[in-house]
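Each remark here refers to the structure printed beneath this line.
Every heavy atom of this structure was used, including side-chain atoms; hydrogens, water molecules and symmetry mates were not.
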Amino acid sequence: MDIEFKRLQFDFYSHNALEVAPLLLGKIIHCNEVALIITETEAYLPTDSACHAYNGKTERNAPMFLSGGFLYVYLCYGIHNLCNIVVDKEGVASAVLLRAAQVYSGSDIIRQRRNGSLDLVGPGKVGQALQLTRADSGKALSDEIFVTEGFTPVSIEKAPRVGIDYALPQDRDAKWRFIAKEFKK
DNA sequence: AGAGTGATGTTCT
DNA sequence: GAACATCACTCTA
């Protein structure tokens with residue numbers, strides 16, 4: 001458990017969301033005293049009617065237009081803080097949503113934040129475990145919040161994204177959700 | 001175990 | 001004023 005993982009460089013995030021989203025599986029996000037293994041991600045692209053930035057820049061989605069390696073956090077359904085990592089080049093409104101994770105360290109703290117539960121399948125739960133809020137949106141990854149190498153997925157499943165019925169059919173059906181079920185030792 | 005639903009508040013029309 | 005990249009709980013079986 002005392003393995004030292006190398007921190008990802010900004011270059012890692014500078015590519016298309018469809019490339020970066022699967023690569024984030026098995027990586028470890030360190031934030032607010034806890035560390036989580038990323039197990040499920042979704043890609044959002046500028047040409048994608050499910051993307052918050054599809055209709056142009058607003059105050060909320062402005063971080064998505066930044067260069068890769070920034071955070072985009074927003075409030076969903078009035079309750080949940082959903083955490084995205086901005087990817088691709090500056091001006092390309094693109095991000096990867098963290099949809100599920102496993103606890104790597106800090107389980108006691110996560111239990112406190114999550115009312116005893118360590119289940120982190122669902123983006124609202126991930127945001128709660130990381131204790132990220134809208135106030136963190138637009139921040140760059142830093143010494144406080146960062147992602148390191150981690151584990152290699154045994155396999156990666158693709159599936160349509162969740163909760164985007166409002167999108168055009170071709171975007172709604174695109175398999176831009178990436179899931180890792182187990183990792184190599 | 002599956003379906004239904006209230007909570008909760010910002011954002012954009 | 002409607003919609004929203006959800007969750008946890010209840011109810012019915």
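The base-pairing partner of C/dA5, taking Watson-Crick or G-U wobble contacts with both distances under 3.5 Å, does not exist among the strands shown. In this structure, B/dT8 makes no Watson-Crick or G-U wobble pair, since no nucleotide meets both defining distances under 3.5 angstrom.
Contact check, A/R172 against C/dA5: no side-chain N or O comes under 4.0 Å of OP1 or OP2. For C/dA5, the OP1/OP2 oxygens have a side-chain nitrogen or oxygen of A/Y166 closer than 4.0 Å.
Within 6.0 Å of the CD atom in A/Q9, the count of heavy atoms belonging to other residues, nucleotides or ligands does not exceed 12.
In this structure, CG of A/L118 is placed 12 Å from P of C/dA8, rounded to the nearest angstrom. Following rounding to the nearest Å, A/L75 (CG) and B/dT8 (C1') show an atom-to-atom distance of 8 Å. The OH-P distance, from A/Y77 to B/dT10, rounds to 17 Å in whole Å. Distance, A/Y72 OH to B/dT11 C1': 10 Å, rounded to whole Å. Summarising the geometry, the separation between CG on A/L82 and C1' on C/dC4 is reported as 10 Å, rounded to the nearest angstrom. Distance NE2 (A/H80) to P (B/dA7): 14 Å, rounded to an integer number of Å. If you take CG of A/N115 and P of C/dA8, they are 9 Å apart, rounded to a whole angstrom. Here B/dC12 presents its C1' atom at 15 Å from OH of A/Y74, a figure rounded to the nearest Å.
Closest approach to the A/R114 side chain among C/dA8, B/dT8, C/dA5 is made by C/dA8 (side chain taken as heavy atoms from C-beta onward). The nucleotide whose nearest atom lies closest to any side-chain atom of A/R134 is, among B/dT10, C/dA5, C/dT6, B/dT10. Checking C/dT6, C/dC7, B/dT8 against every side-chain atom of A/I79, the shortest atom distance belongs to B/dT8.
For A/G163 and A/D119, each mapped to the nucleotide of DNA chain C holding its nearest heavy atom, the one lying further toward the 5' end belongs to A/G163.
Hydrophobic clustering, with ILVMFWY side chains joined whenever heavy atoms are under 4.5 angstrom apart, groups A/V34 together with A/L8. Linking ILVMFWY side-chain heavy atoms closer than 4.5 Å, directly or via other members, places A/I37 and A/I156 in two distinct hydrophobic clusters. One hydrophobic cluster, built from ILVMFWY side chains closer than 4.5 Å, holds both A/V126 and A/I109.
Base contact: A/L97 has a heavy atom under 4.0 Å from a base atom.
Using a 3.5 Å distance cut-off with no hydrogens or angles, the side chains of A/R113 and A/Q128 do not pair a donor with an acceptor.
Residues of residues 44-60 of chain A that place a heavy atom closer than 4.0 Å to DNA chain C, in numerical order, are A/Y44, A/A50, A/H52.
Ion pairing of A/R161 with A/E42 is absent here, as no side-chain N (NZ or NE/NH1/NH2) approaches a carboxylate O to less than 4.0 Å.
Side-chain contacts under 4.5 Å among hydrophobic residues (ILVMFWY), followed directly or transitively, place A/Y54 together with A/L168.
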